[in-house]
**Q** 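My questions all concern the structure below.
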Amino acid sequence: MKIVFATSNNHKASEIRKMIPQNWELLTLVDLGITEDIPETGATLQENAEIKANYVFQKCHIPVFADDTGLIVDALDGRPGVFSARYAGEYATYLENCQLLLHEMQGIANRAARFETSICYIDAQGYKRFFLGEVKGNILNEITGTNGFGYDPLFQPEGFLATFAEMPAEQKNAISHRAKAFLQLYSHFNNISGNANI
Ligand code: ITT
């Protein structure tokens, strides 16, 4: 089956590619020639996922899903949350965002945080469904590890000694927010398989 993942983030695409069956053809924005930034003006992750999926569906009219993800830090009243990409500024790098997070967390004992992913899926008929995945963990005091992307070098998932950035991609994929949300989408496909709605 042919499906679009409405992302321009290669790290996200590579994580999802490791989870899909071989007979799926997964296209991203680059494959569709969509190079413009899709304005993420929503107030929530779900709204932003819907905006991205809608934007692409209007252009190509084939099944599409989009993922919007945020890091929610308890001691920072949920920041950076929906602003995770732009935390340290509109064009902030992953490193700058991590450095700002470390700065804001200086001297704070409560390091509890979670990643949340909202997926919006739009089927061939334009019908929408939403799926949510989350993983709880803690923010470390220093950048640790070189795998992954974004806030991975600061995030130690609950029950593990390693950060996401110290784990092989397969291990992150076994427990991550994105994987949990995507697996729900995947079981949705399995539940309706044989159905033309996919
Ligand atoms: P698209 O909108 O094109 O999918 P994006 O990078 O802008 O890509 P998001 O708005 O969903 O994606 O993500 C916001 C930021 O959250 C992202 O720039 C990363 O810094 C961070 N992030 C997202 N997923 C992450 C993950 O699995 N691990 C660590 N950080 C992540």
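When a ligand or atom number is given, it counts from 1 through the structure's own listing order. FYI, side chains are in, hydrogens and waters are out, and symmetry mates aren't considered; it's all heavy atoms of this structure. None of the values given here were measured: they were computed from a predicted structure. By convention here, the first residue in the shown sequence is residue 1.
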**Q** Under a 4.0 angstrom heavy-atom cut-off, which atoms of ligand 1 come close to Thr69?
**A** 11 (O), 13 (O), 14 (C), 16 (O), 23 (C), 24 (N)
**Q** Mark the output for Asp68 as yes if a heavy-atom distance to ligand 1 is under 4.0 Å, and as no if none is.
**A**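 Within the 4.0 Å threshold, so yes.
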**Q** Can you see whether Asn97 engages Arg86 through a side-chain donor-acceptor pair at a distance of less than 3.5 angstrom?
**A** no
**Q** Tell me the contacting part of Phe115 for ligand 1: side chain, backbone, both, or neither, using a 4.0 Å heavy-atom threshold, strictly below.
**A**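 Contact part for Phe115 vs ligand 1: side chain (C-beta onward).
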**Q** Is there a donor in the side chain of Asn190 and an acceptor in the side chain of Ser187, or the other way round, less than 3.5 Å apart?
**A**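 The answer is no; no qualifying pair exists.
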**Q** Which residue owns the protein heavy atom closest to atom 30 (N) of ligand 1, what's the atom, and how far is it?
**A**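 Of the protein heavy atoms, Tyr151 N, 3.1 Å lies nearest.
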**Q** What protein heavy atom lies closest to atom 28 (N) of ligand 1? Include the residue and the distance to one decimal.
**A**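 So the nearest neighbour among protein heavy atoms is Asp152 OD1, 2.6 Å.
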**Q** Can an N or O of His177 be found at a distance shorter than 3.5 Å from an N or O of ligand 1?
**A** yes
**Q** Kindly say whether the aromatic ring centers of Phe65 and Phe5 come within a distance under 6.0 Å.
**A** yes
**Q** For Thr7, counting its heavy atoms only, list the atoms of ligand 1 lying under 4.0 Å from any of them.
**A**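 What qualifies from ligand 1 is 1 (P), 3 (O), 4 (O), 8 (O).
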**Q** Assess whether a salt bridge exists between Lys18 and Glu170, defined as any Lys/Arg side-chain N lying under 4.0 Å from an Asp/Glu carboxylate O.
**A** no
**Q** Indicate, as side chain, backbone, both or neither, the part of His11 found under 4.0 angstrom from ligand 1 when only non-hydrogen atoms are considered.
**A**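 The answer is neither.
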**Q** Atom 24 (N) of ligand 1: which protein heavy atom is closest, and how many Å away?
**A** Arg178 NH2, 2.9 Å
**Q** Do me a favour and list the nearest non-hydrogen protein atom to atom 11 (O) of ligand 1 with residue, atom name and distance?
**A**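 That would be Lys12 NZ, 2.7 Å.
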**Q** Compute the ring centroids of Tyr87 and Tyr94, then answer whether they are less than 6.0 Å apart.
**A** no
**Q** Could you list which atoms of ligand 1 come closer than 4.0 Å to a heavy atom of Tyr94?
**A**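 Near Tyr94, the atoms of ligand 1 are 18 (O), 19 (C), 20 (O).
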**Q** For atom 5 (P) of ligand 1, which of Val82, Asn9, Asp67 has the closest heavy atom?
**A**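 That would be Asn9.
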**Q** Identify the closest protein heavy atom to atom 15 (C) of ligand 1: which residue and atom is it, and at what distance?
**A**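 I find the closest protein heavy atom is Ala85 N, 3.6 Å.
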**Q** In terms of residue, atom name and distance, what is the protein heavy atom nearest to atom 3 (O) of ligand 1?
**A** Ser8 N, 3.0 Å
**Q** Side chain or backbone of Phe149 under 4.0 Å from ligand 1, or both, or neither, by non-hydrogen atoms?
**A** both
**Q** Starting from atom 16 (O) of ligand 1, locate the nearest protein heavy atom and write down its residue, its atom name and how far away it is, to 0.1 Å.
**A** Ser84 CB, 3.5 Å
**Q** Are Thr69 and Asp67 close enough that a side-chain donor and a side-chain acceptor fall under 3.5 Å?
**A**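 Looking only at side-chain atoms, Asp67 and Thr69 do form a donor-acceptor pair, the distance falling under 3.5 Å.
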**Q** Angle between ring planes, Phe189 versus Trp24, binned at 30° and 60°: parallel, tilted or perpendicular?
**A** perpendicular
**Q** With a 4.5 Å limit on heavy-atom distance, are the side chains of Lys2 and Ile62 in contact?
**A** yes
**Q** Do NZ/NE/NH1/NH2 and the carboxylate oxygens of Arg111 and Asp74 come within less than 4.0 Å?
**A** no
**Q** Would you mind checking if Glu50 and Lys128 are paired as a salt bridge, meaning a charged N to carboxylate O distance below 4.0 Å?
**A** yes
**Q** Tell me whether Glu116 is salt-bridged to Arg114, with the criterion being a basic N under 4.0 Å from an acidic carboxylate O.
**A**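 Judged by the 4.0 Å cut-off on N to carboxylate O distance, Glu116 and Arg114 do form a salt bridge.
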**Q** To the nearest 0.1 Å, how far is atom 2 (O) of ligand 1 from its closest protein heavy atom, and which atom is that?
**A** Lys52 NZ, 2.7 Å
**Q** For Lys172, counting its heavy atoms only, list the atoms of ligand 1 lying under 4.0 Å from any of them.
**A** 26 (C), 27 (O), 28 (N)
